[in-house]
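In what follows, a structure is listed as structure tokens, so that the remarks can point back to it.
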2 protein chains.
Amino acid sequence: MQIYRLVQMNQLSTKEKIIAKSLAMFNEYGVENITTRHIAKELGISQGNLHYHYPNKNEILSTLFHNFIHQIKSAERFNGTEFNTIEMYESMLENFRIMDNYRLFFQQNEVIWRRIPEIKNGMVQLFLSKKNEILDLIHIYKSEGKFRQDISASQIDFLAEQFIFTIQSWLMAKNYHPQGHSAEHYAKFLFRSWLPYLNNETMKKWEEIL
Amino acid sequence: MQIYRLVQMNQLSTKEKIIAKSLAMFNEYGVENITTRHIAKELGISQGNLHYHYPNKNEILSTLFHNFIHQIKSAERFNGTEFNTIEMYESMLENFRIMDNYRLFFQQNEVIWRRIPEIKNGMVQLFLSKKNEILDLIHIYKSEGKFRQDISASQIDFLAEQFIFTIQSWLMAKNYHPQGHSAEHYAKFLFRSWLPYLNNETMKKWEEIL
DNA sequence: GTCTATACAGCGATAGAC
DNA sequence: GTCTATCGCTGTATAGAC
């Protein structure tokens, strides 16, 4: 389990402060509405100073994306061979919390991808590797006999696609439920999509966790 | 089945041309990047003329949203009592094609909602009514014994949530597959999510359509 | 590292002539 | 209905002093 250090804003360097404040403001008010003037003003520094650290707005966005990918990679738990139900759920939840922190990359992806096409490539890449992870996992569960026998192979492939679909889209769907739905809600949601594919015994066991 | 008339651009009034061109350009280049200047230039009219018809950019967006809602409402087919499998699939597909035409409201919703909060309310409202529709449909299928008996009631409710989730999010997920995936693909995708909840006989029948 | 000052382009929107 | 011209504002980015 990774430990996140809680750091006070005034302990950060100016460069780090810019990143932290940018993330918060982009998430809340939108990348297209937040200018380098806004960020500088909010931090009580000059715009010139901000541009000394980051020559332009895209450089800030690229740094944020780099940080996001780094955190996601650091949170990988599945070693390719074994993954019990609880571990799987907790790993999913951890990933969802990181995604929530960097939700601009999911809720504002069109805006960001148009500004920086490389970020789109990075996202596509990320989900390709996630899809392989999930296919491995399905393969393990299959060989352990946890799936129903009357489900066709193509339908099991569909399950993998649906899994990735949900991970990519939950922060978008969350927008339609302003208050109600947290990362926990969608982690359980993702989990639930597996249930009807499992055999009766496994399904009962999984349902307990929810 | 609704008939869409194919109309040449030069048969439209200036006011209609503005709407058609705006839709195309917003979809392709993003609402935040397309200005009234761009639209006017592309149409070969002056910016002043454009502002005569639509006093500001938001007025164009509101009109587009109004048109979208009108088309969706006109395409409603489910009468609340009967809906066979083929009808259901074709109705889904028709809805998906309309959504694809107006994809800005799904792929750029954060940008648009921040500009015009009423559009968010309209979207939330739309999906609330769609959710009720789907719950009615599930109720019918349930009473006809088409669902598996060993699936819990809460899991059936989950199916309804997942259904709405997919409708809201497929155009977002589509972004990750630039070439491959069409409205047809996601209509089938949506359809497939029902399969493991159905009893064996019904599942086989549904699977034929895919 | 941090500041002030400024250049320059592009935005939304309006006025007024035809 | 359509045009040209223009205002005021805000955006990114840079130069140069401390």
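Below, read A as the first sequence line, B as the second, and so on, with proteins coming before strands; counting in each chain starts at 1. The model shown is predicted, which means the values in this text are computed figures rather than measured ones.
At the phosphate of D:dT2, OP1 or OP2 sits under 4.0 Å from a side-chain N or O atom of B:Thr14.
Checked by atom type and distance alone, the side chain of B:Lys57 pairs as donor or acceptor with a backbone atom of B:Ile34 at under 3.5 Å. The backbone N or O of A:Met172 lies less than 3.5 Å from no partner atom in the side chain of A:Ser169, so there is not a single donor-acceptor pair. Between the side chain of B:Arg192 and the main chain of B:Phe189, no donor-acceptor pair closer than 3.5 Å is present. No donor-acceptor pair under 3.5 Å is formed between the side chain of A:Gln108 and the backbone N or O of A:Phe105.
Rounded to whole Å, atom C1' of C:dG12 lies 11 Å from atom CD1 of B:Ile60. Regarding B:Leu61, its CG atom lies at a distance of 11 Å from the P atom of C:dG12, rounded to whole Å. To the nearest angstrom, P of C:dC11 lies 15 Å from CD of A:Glu32. Atom NZ of B:Lys57 is separated from atom P of C:dT14 by 16 Å (rounded to the nearest Å). The distance between atom CD1 of A:Ile39 and atom P of D:dG11, rounded to the nearest whole Å, is 11 Å. Summarising the geometry, the separation between CD1 on A:Ile45 and P on C:dC3 is reported as 6 Å, rounded to the nearest angstrom. Spacing between atom CG of B:Asn56 and atom P of C:dG12 amounts to 10 Å, rounded to whole angstrom units. The CZ-C1' distance, from B:Arg115 to C:dC11, rounds to 11 Å in whole Å.
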(Q) What verdict does the salt bridge (Lys or Arg N to Asp or Glu O under 4.0 Å) test give for A:Arg97 and A:Asp100, after you've listed the backbone C-alpha separation in whole Å, the side-chain angles of each residue and the deciding distance to 0.1 Å? (A) CA-CA 5 Å; A:Arg97 291 203 173 119; A:Asp100 195 25; over 6 Å; no
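Contacts of residues 46-54 of chain A with DNA chain D (heavy atom under 4.0 Å): A:Gln47, A:His51.
For the residue pair B:Ser152/A:Glu207, the side-chain donor-acceptor check at 3.5 Å is satisfied.
Nearest to the side chain of B:His38, among D:dG11, D:dA13, C:dC11, sits C:dC11.
Both tests pass for B:Lys15 against the ring of B:Tyr54: distance under 6.0 Å to the centre and angle within 45° of the axis.
Remark: the B:Arg37 side chain and the C:dG10 base include no donor-acceptor N/O pair separated by less than 3.5 Å.
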